[in-house]
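Single-structure report; data block below.
These numbers were taken from a predicted model, which means no experiment stands behind them.
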Amino acid sequence: MAERGVDVSALPQEVREQLAELDLELSEGDITQKGYEKKRAKVLSPGPSSASAPEPGPSNSSSSSSRHRRTRRPHRSSGTRDERYRSDIHTEAVQAALAKHKEEKMALPMPTKRRSAYVQSPIDNCTPPDSSSSSDDEAVSSESAGPQQSPDTWINSSLHGSSTSSSASSTLSHGESRPTQAPQPQSQQVPPPPAPARGSRVDLPSNAVVRGMSRGQSRSSMMETADGVPVSSRVSTKIQQLLNTLKRPKRPPLSEFFMDDQEEIVEVPQADPNTPKPEGRQIIPVKGEPLGVVSNWPPALQAALARWGATQGKSPALTALDITGKPLYTLTYGKLWSRSVKLAYTLLNKLGTKNEQIIKPGDRVALVYPNSDPGMFWVAFYGCLLAEVIPVPIEVPLSRKDAGSSQVGFLLGSCGVGLALTSEICLKGLPKTPTGEILQFKGWPRLKWVVTDSKYLTKPSKDWQPHIPTANTDTAYIEYKASKEGTVMGVAVSKVAMLTHCQALTQACNYCEGETLVNVLDFKKDMGLWHGVLTSIMNRIHTISVPYAVMKACPQSWVQRVHIHKARVALAKCRDLHWAMMAHREQRDTSLASLRMLIVADGANPWSVSSCDAFLNVFQAHGLKSEVICPCATSPEAMTVAIRRPGVAGAPLPARAVLSMTGLSHGVIRVNTEDKNSALTVQDVGHVMPGALMCIVKPDGPPMLCKTDEIGEIVVNSRAGGTMYYGLSGVTKNTFEVIPVNASGTPIGEIPFVRSGLLGFVGPGSLIFVVGKNEGLLMVSGRRHNADDLVATALAVEPVKTVYRGRIAVFSVTVFYDERIVIVAEQRPDASEEDSFQWMSRVLQAIDSIHQVGLYCLALVPANTLPKTPLGGIHISDTKQLFLEGALHPCNILMCPHTCVTNMPKPRQKQPVGVGPASIMVGNLVAGKRIAQAAGRDLGLIEDQDLVRKVNSDLHLAVCTATCVQLHKRAEKIAAALMERSGINIGENVVLLYPPGKSHILCPVLVVFERLGQLKNYIGVKVKVTYPWFSPDDLPRKRPPTIYKPPNAEMIAYMDFSVSTTGMLTGVKVRDFSHHLNRFFLVILGSFGEPLTPGGVKFPSHHTSLFRPMSFVKIDVFQKCGIWVNSPHNATEYYTIYGEENLQADHFNTKLSFGDPQTLWARTGYLGFVKRTELTDSSGDRHDALFVVGSLDETLELRGLRYHPIDIETSVSRAHRSIGESAVFTWTNLLVVVAELCGSEQDALDLVPLVTNVVLEEHHLIVGVVVIVDPGVIPINSRGEKQRMHLRDSFLADQLDPIYVAYNM
């Protein structure tokens, strides 16, 4: 632009500072290139703000403070985004997608968090040095000044609440102002609930007002507790917000492919007719150009080293840099050869005894060298090749808790490694035991460590020479590879494959003898090993190795090396391009004109095109040519799949494709023409390697050839590729021995192909395009999503205020028959709860709009807590494992199961009964089903000497015994004493109080009695009257003169009062019976008011039947229904002062509508079933056992089904070791789970996804609210039963002081 030519030094100080601020915003990703140009033009345009000199006053003060802030800030910004995924086009698309929801004002409930949960530990608040925290794929930014602001005004306005149609992800938090309500009469105001016992929460604004409800308001709009008390608390407000959100129209659900067919769930897949399908012809395998034969190519790679060591001994082979980016040492070909020979001789002859050496040709040894010492690695690698020992390069272990350490141990074990080679400096840095021995790392086999420094090596005799055979199929080296699940396997590369691969790279890259190559990649594996260690030796190339530590300290060092050494080739990643681009301002006299090839190792990443373009735009002025940039596609199994050949001036530009993300998710190629927000721009990675044959097959199922417009996995047949997973023959066949088949299932040939793990297609001109990797593929509801695409979208939501250094991990977990997407990001220490929740909400919106998929969980963890890879990146598989184990310890979490779980079983509908009860019974009989009815034996007499025992529940021992006669005599004394001492009259009530589980009828502690008219006071009103107390322990020794006898059997013997777990107080009247009936009933009744039959036992004179609730029709066996009992000792009625005759008749005097309509039945309130066993009763018939599954009153009706709370609570208690007691209840069709946290509060948020997962998996229910509380909060009555309704009332009245409340979207 014209403004670029402006002399900045001549501008006023204020304008220069504004331009500096803009440059910093652009470098850190806070502003797009387009926005940068607009703002820069505005600053430079003539006007008072830019033409006049700054006036003294506040402006100067602010400028000065900005300069000071710039000086104080570290070199890197902790809020910078990951530049692998930087794309101005995609950023603008995400912002446009979010802007569509600007007008929607849907209130989302922000999670409730106790104040103590806000505070991060001091370790979390400290930002460690860059050496331990930076990612291997993250960006380095320059200094920035002042608070970072978002460039677009729509962002601020959208923070108040915007949402998509399906993700339910608005951003309203508790700080949002409520609409003004009309003042209510004081008499109608409901006072706010009492404050919690423990400290106040911080999620409500200080000016929040809790208002009551007038009489004129609709009853349906008011929330009440179980006791009818109106609820007006923040909890109920949040639940109402959640309900309003869930009522919004969602994206049309997938075809419900689960049908609840009685006892099993049957999958019924139904194809969507609108799904795009491939329409092209079947693909034809693509051939690379023939691999040429050069006369001077060596027969083996070791022979090339021997040749150059003998003929070009002083030619430089390797130059290593120190931490400042300056040359540390240079290893010549002569020194490399001699030291490698000494190491080979030492390995074969000096380890062990003369007759028995530790190492023999063909053995595997581990190479443990740091990235800062390439010279020692080169010597060790070629020394192993000369000794015909198989090297296995691995990363240096730093501690026993290293991420993936046990998987590295699995690799070493599967390869049979027993010896490790390392340098003296590295050995001293390894963790050791107090005795000085090397620590035994987790999962590792026992290793013997050998130091390979020259002073410890033995010079071979003159007659000893290493054996260098012609390249064959024997294994040359093993390269480690981590799978999607985190398993580390070793890819074996044969000697002929190693040599052929070097030859193919030499031909494709047109390497020439004596060139200089700058290698910024890891030299132990992949492109850094293949180009920088192997192919360079074959062509006598001078390699300049730039370790990762040097790049962090001097990000422009590799560009300087290209300039100083006039390097012809450079190996780098997108992150290296961006780092150099950010640091080029510090040194502008560099020239890249010597480069003929800049190989971008991660060019297969679809988001690499933006980094390549930006780097070219900056360094074109420094001599960089566009045809120099050469992206490539590689994998450990297939090695180099494709690479763009170095171009010539005037050649056509590389190919690019703008694809529809929707089409990609369905596995088809569609050029994006409609919604530019859902577009992905990819660049080609060149042509197939020389001598290779490549085709595209379906990634799932049999390896069927794809169509030309279909995305599939790239498979390659070549001599230059891996041969197997060493020691793992089972998984080897599925990867290294693939035979593609055509549409009819016929193999296309007999030659095996190797799966590369890359997903892509063949474009025009046989150019290869890669759109993702198998390891990053997320299959959600039949659609494919790339983890890198989701990371790019999340980073485009301007995370500078929330995400720490752009560190985001995306993976999927299998929950309820499908994969669910989880995003975990590190939160900046200074990020507020408001900013974090707003960012999470907007990420939900963006991903739903761009990718049309819902997130299952979005979690933020403290900075620097995610497990790291050896180079500082996020270890995805370990992060996933921590999430599943509940050990991730997030500081913020947002679950969205209602949004993304679209494959729930269809709710069961209550079918109208079209036939009468007689027809139902006849139908059951005709079908051969037995009626669910069981009868006990006839009631016999109980002997007077039968013993009644009181058992100690703790020791399970009898502490006292009594016969029935003794028990009856003691009862007579108590009755007589009551009549004499208290003056109680016949028909009055006496209250019996006993400690639960400690005393029985035999050892009473205390008896309190009161008049009948005062019973209501005892139940519900404070008692202000002193009542007589009577202790049965103080009874007269002599026989009472008069014994009371009831005048008739209809007198009330006693009343059994109990509070159910649903919060209902009931009193059941029990009539007087005959002596033996009374004795028997007192013993078996326990604390239950209505007859209870334990499973498998039928009491005398006891007839039990099962009936459908509210149907009055008997059902067949094995169906779970209500239990009714007909017995002489049934209770007769409830005690009530309200005269609920209908209730009594329904419970105590129920009759059948068909069969025997005269028999009276009592409802037990329990659900169960009858099953015939192999046991026999007294009559010789098979025994019908009755199984009780739970109380009918406690059941929860959700989705047309009945659930017993104890079943859900048992699952919840198993979800995590820190969950103690738990309780569930429903509120307005939402399932609320309350879990007591027995561990540290740091574990509180870990429980939320685990509780949601286990309830969804085992009960097919979506949890609406998860409440984490302290131990002992769940109320339990004297019988050990949970008082769930009291818990619900306390929760809705905001009286629990929970540790955390999560409202699942």
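S483 places a side-chain N or O within 3.5 Å of a backbone atom of T487 that can act as its donor or acceptor partner. With hydrogens and angles ignored, the 3.5 Å screen pairs a side-chain donor or acceptor of Q357 with a backbone N or O of N349. In this structure a side-chain-to-backbone donor-acceptor pair under 3.5 Å is missing from D453 to S423. Between the side chain of K880 and the backbone N or O of S812 there is at least one donor-acceptor pair closer than 3.5 Å. Judged by distance alone, the side chain of T543 and the main-chain N or O of L318 form no donor-acceptor pair under 3.5 Å. Although no hydrogens or angles enter the test, the distance criterion places no donor-acceptor pair under 3.5 Å between the side chain of D363 and the main chain of V389. In terms of modelled atom types and a separation under 3.5 Å, the side chain of N734 and the main chain of V731 share no donor-acceptor contact. Remark: the backbone N or O of G528 is not paired with any side-chain donor or acceptor of D526 at under 3.5 angstrom. Using modelled atom types, one side-chain atom of N786 and one backbone atom of D788 make a donor-acceptor pair closer than 3.5 Å. Judged by distance alone, the side chain of K484 and the main-chain N or O of L777 form a donor-acceptor pair under 3.5 Å.
Looking at every heavy atom in both residues, G532 comes nearest to W378 through O-CZ2, 2.8 Å. Between E637 and S756, the closest heavy-atom pair is OE1-O, 4.1 Å. Of all the heavy atoms in A572 and L521, the pair that sits closest is C-CD2, 3.8 Å. The two residues D602 and K573 have their closest heavy-atom pair at OD1-CA, 3.5 Å. Residues G722 and F736 share a closest heavy-atom pair of O-CD2, 3.4 Å. Closest approach of L343 and A380 over heavy atoms only: CD2-CA, 3.3 Å.
Between the CG atom of L385 and the CD1 atom of I537 there is a distance of 10.5 Å, given to the nearest 0.5 Å. With rounding to the nearest 0.5 angstrom, the CZ atom of R784 is 12.5 Å from the CG atom of L778. The line from OG of S718 to NE2 of H501 is 8.0 Å long, rounded to the nearest 0.5 Å. Rounded to the nearest 0.5 Å, atoms CG (L882) and CG (D1246) are 9.0 Å apart. Atom NZ of K495 and atom OG1 of T723 lie 12.5 Å apart (nearest 0.5 Å). Atoms CH2 and NZ, on W530 and K525 in that order, are 10.5 Å from each other to the nearest 0.5 Å.
No option in V1248, T814, V815 other than V815 meets the side-chain contact (heavy atoms from CB on, under 4.5 Å) test with N1253.
Side-chain contact check for T475 versus S494: every heavy-atom pair is 4.5 Å or farther apart. Counting heavy atoms from C-beta on, the side chains of L1250 and I1219 never come closer than 4.5 Å. Between L534 and Y382 there is a side-chain heavy-atom pair separated by less than 4.5 Å. Contact of the V392 side chain with the Y726 side chain is not registered, since no non-hydrogen atoms from C-beta on lie closer than 4.5 Å. Side-chain contact between C857 and F883: present, with at least one pair of heavy atoms (C-beta onward) separated by less than 4.5 Å. Taking the side chain as every heavy atom from C-beta outward, F811 and V824 approach each other to under 4.5 Å. Two residues are said to be in side-chain contact when any heavy atoms from C-beta on lie closer than 4.5 Å; T1252 and P1249 fail this criterion. Between V810 and H785, the closest side-chain pair of non-hydrogen atoms is not below 4.5 Å.
Salt-bridge annotation for K481 and E775: absent, with no side-chain N of the basic residue lying under 4.0 Å from a carboxylate O of the acidic one. Comment: R805 does not engage E826 in a salt bridge, judged by the lack of any side-chain N to carboxylate O separation of less than 4.0 angstrom.
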Given D878 and L866, is the side chain to side chain contact (heavy atoms under 4.5 Å, CB included) satisfied, shown in steps? CA-CA 9 Å; D878 273 26; L866 290 180; over 6 Å; no

Worked check of side chain to side chain contact (heavy atoms under 4.5 Å, CB included) between L421 and C384: CA-CA 10 Å; L421 305 183; C384 289; 3.8 Å; yes

Side chain to side chain contact (heavy atoms under 4.5 Å, CB included) assessment of V791 paired with W607: CA-CA 10 Å; V791 172; W607 301 97; over 6 Å; no

Go through it in stages, so that I can follow the logic: the residues are K350 and K342, the test is side chain to side chain contact (heavy atoms under 4.5 Å, CB included), and I'd like the CA-CA distance, side-chain angles, deciding distance and then a yes or no. CA-CA 11 Å; K350 296 301 179 179; K342 288 173 62 176; over 6 Å; no

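Crowding of K733 atom NZ: a count of heavy atoms from other residues, nucleotides or ligands under 6.0 Å not exceeding 12. Enclosure of atom CD1 in I425 is not indicated, since only 12 or fewer non-hydrogen atoms of other residues, nucleotides or ligands lie within 6.0 angstrom.
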Can you list, pair by pair, the side-chain donor-acceptor contacts under 3.5 Å of residues 406-418, counting residues two or more places apart and other chains?
residue, atom, partner, partner atom, Å
S414, OG, F410, O, 3.1
S414, OG, L411, O, 2.9

Side-chain polar contacts of residues 441-451 - donor-acceptor pairs under 3.5 angstrom, sequence neighbours left out - could you list them?
residue, atom, partner, partner atom, Å
W444, NE1, S405, O, 3.0

Would you give me the side-chain donor-acceptor pairs under 3.5 Å for residues 365-373, sequence neighbours excluded?
residue, atom, partner, partner atom, Å
Y369, OH, T452, OG1, 2.6
N371, OD1, K524, NZ, 2.3
D373, OD1, Y329, OH, 3.1

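Ring geometry, F523 versus F377: the interplanar angle falls from 30° to 60°, so the pair is classed tilted.
For the residue pair D1243/S1240, the side-chain donor-acceptor check at 3.5 Å is not satisfied.
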